Amino acid sequence: MKGAGGTSGGIGQFFIGLAMMCGGFYMLLNAIKVTSSFGLGSHLYQFGGFGLTSGMVMIPFIFGVGMMFYNAKNPFGWLLTFGALIALIFGVISSINFRFTYMSAFDLIVILVLSIGGLGLFLRSLKAIDNRYPDA
């Protein structure tokens, strides 16, 4: 009978490692708080002393949409519309901040042991077990 991943590795190690890894990574991701400073008055991009806000990015978007509705074959209208959308998406993503919540050293150690230990067990279960010396 084949084990985890089609090898002779242990199925028990596979599921224990998977459970530890999922629990540890869940606790790790649960400890991260995501905030954003995005808004119509916030600076998305900074060019020298000039800051480009998200409201300013919407101006080429509006002109591009107008040009597209007037003449759908106009490549400049498509370029303005999708260029502004891409700039807006990058601006939103770049304004995201990640912070760890307060946790004790014990909490961090438990998270790391579960995550990395579970990953190690999971990967070891996918490796074939050498049964040349079963009594040793």
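No hydrogens, no waters, no symmetry mates; every other heavy atom, side chains included, goes into these values. Since this is a predicted model, take the numbers as computed values, not measurements.
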Thr101: side-chain hydrogen bond (donor to acceptor under 3.5 Å, both in side chains) partners, not counting sequence neighbours:
none
Report the hydrophobic cluster partners of Val113, with the cluster defined as I, L, V, M, F, W, Y residues connected by side-chain heavy atoms closer than 4.5 angstrom, directly or transitively.
Ile109
Are there over 12 heavy-atom neighbours, none belonging to Phe63, within less than 6.0 Å of that residue's CZ?
no
Which residue pairs satisfy the side-chain hydrogen bond (donor to acceptor under 3.5 Å, both in side chains) criterion with at least one member in residues 106-117, sequence neighbours excluded?
Ser104-Asp107
Under the side chain to side chain contact (heavy atoms under 4.5 Å, CB included) rule, collect the residues that match up with Phe98, sequence neighbours excluded.
Ile32, Val34, Ile96
List the residues meeting ring pair (Phe, Tyr, Trp, His ring centres under 6.0 Å) with Phe122, not counting sequence neighbours, and say none if there are none.
Phe14
Please tabulate, for the side chains in residues 72-80, all donor-acceptor contacts under 3.5 angstrom to protein atoms that are two or more places apart in sequence or on a different chain.
unit_1: Asn74; atom_1: OD1; unit_2: Phe76; atom_2: N; d: 3.1
unit_1: Trp78; atom_1: NE1; unit_2: Ala72; atom_2: O; d: 2.6

All side chain to side chain contact (heavy atoms under 4.5 Å, CB included) counterparts of Leu119, not counting sequence neighbours
Met21, Leu123
Partners of Leu108 by side chain to side chain contact (heavy atoms under 4.5 Å, CB included), sequence neighbours excluded?
Met103, Leu112
Out of curiosity, does Phe106 fall in the hydrophobic cluster containing Ile116 (side-chain heavy atoms, cut-off under 4.5 Å, transitive links)?
no
Assess whether side-chain contact (heavy atoms from CB on, under 4.5 Å) is satisfied between Tyr26 and Ile111, documenting all intermediate values.
CA-CA 9 Å; Tyr26 170 77; Ile111 289 172; over 6 Å; no
Closest contact, heavy atoms only, Ala87 versus Val57
CB-CG1, 4.2 Å
Suppose we screen for side chain to side chain contact (heavy atoms under 4.5 Å, CB included). Which residues come up paired with Asn97, at least two apart in sequence or across chains?
Thr35, Arg99
Nearest heavy-atom contact between Ile16 and Leu121 is CG2-CD1, 4.0 Å
Output for pair (Met67 CE, Thr81 OG1), nearest 0.5 Å, gives 8.5 Å
